[in-house]
Amino acid sequence: MSAGYHIVVCGGIVPDPLQTLEPVQGPAGWGLKNELMLPAILDPWAGHALFEAANLAKNVPGSKVWLVSMGPKAKLQQVMMTIAQKVPFELVVLDGPASGFADAHETGAALAEAIAAIPGLDTSKLLVFGGWQSASRGAGATMQVIGEKLGIFEQFQGVDKLEVLADGALRVLERVEGGSYQDSVVSGAPAVFGWATGELPEPPNNPQVGMQNMRLVMPALQKAKPVKLEKGPEYSGVQIPSQKRETRVVKDAPVDQIAKEIVDWLSA
């Protein structure tokens, strides 16, 4: 495809998973204790989407990648210092809450509005990428809302592979139960893809890419549009899931027996 794609990646930030998270209820509703003090990272699901987008843009001439993110500006600046060194993109910032307690519909509507307002964006070439789930709260609805608001009804969730065919069509592998995939072909853009883990590892840091990105990241942060979400859903109670580990220790088990148990588990 000579004209290339306009790929918009929706990616929020979440607290570093190595931190201890404690839900607390404040005047504005539920949140995390000392949330503004917690170190943040790009949501891992969105990270996979960003790396896949950059790889697709690299292999299809004329393509461009935007990263649309909503969160506190100070936190986004901290995260961009790392992410900007990974792959080329242009940042679009919404200065709003990144809490996992935010309403998925309001968040999706705000992101869709920001995408529609990107200067020069050609919706006939538009591919919207994002995480199928989220490390903060897996509502699993934000990407669908974004697609509906943008009028894009070709939507795929749990994507692990996207391939551009010779005729310009897109072949998509979506996760289904039992370790199997649903194999679909869509004629082309526009489309929405909620990524699972994809196939690509995290790219190494590239200082040149980082310097190129940061020239646009800082102005984007300064121009961030304030977004105020309504209170959203009310929660009667919130708690961290209790740790659960089911491990069976078996010594000297034959390989055939291990393989059979895995196959039986997948087939159950």
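These numbers come from the heavy atoms of this one structure, side chains and all, not from hydrogens, waters or symmetry mates. Just so it is clear, the model here is predicted, and its values are computed rather than measured.
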Got a salt bridge between Asp264 and Lys260, using NZ or NE/NH1/NH2 to carboxylate O under 4.0 Å? yes
Is a side-chain donor-acceptor pair under 3.5 Å present for Glu261 with Gln257? yes
Side chains of Lys86 and Asn206, donor plus acceptor under 3.5 Å
no
Rounding to 0.5 Å, atoms CD (Glu154) and CG (Leu127) come to a distance of 11.5 Å
Quiz item: If you count the non-hydrogen atoms of other residues, nucleotides and ligands that lie under 6.0 Å from NZ in Lys73, is the total more than 12?
Solution: yes
Worksheet item: Take atom CD in Glu113; do more than 12 heavy atoms of anything else shown fall under 6.0 Å from it?
Response: no
Which of Trp45, Phe51, Phe129 passes ring-ring contact (aromatic ring centres under 6.0 Å, His included) with Trp195? It is Phe129
Quick one: closest heavy-atom pair of [X] and [Y], and the distance?
X      : Y     : answer
Glu199 : Glu52 : N-OE2, 2.7 Å
Pro72  : Ile13 : CD-CD1, 4.4 Å
Ala40  : Gln78 : N-NE2, 3.1 Å

- Apply the test side-chain contact (heavy atoms from CB on, under 4.5 Å) to residues Leu173 and Val159: give CA-CA distance (whole Å), side-chain angles for both, the deciding distance (0.1 Å), then the verdict. CA-CA 6 Å; Leu173 294 185; Val159 177; over 6 Å; no
In Cys10, Ser134, Ser69, the residue satisfying side-chain contact (heavy atoms from CB on, under 4.5 Å) with Asp43 is Ser134
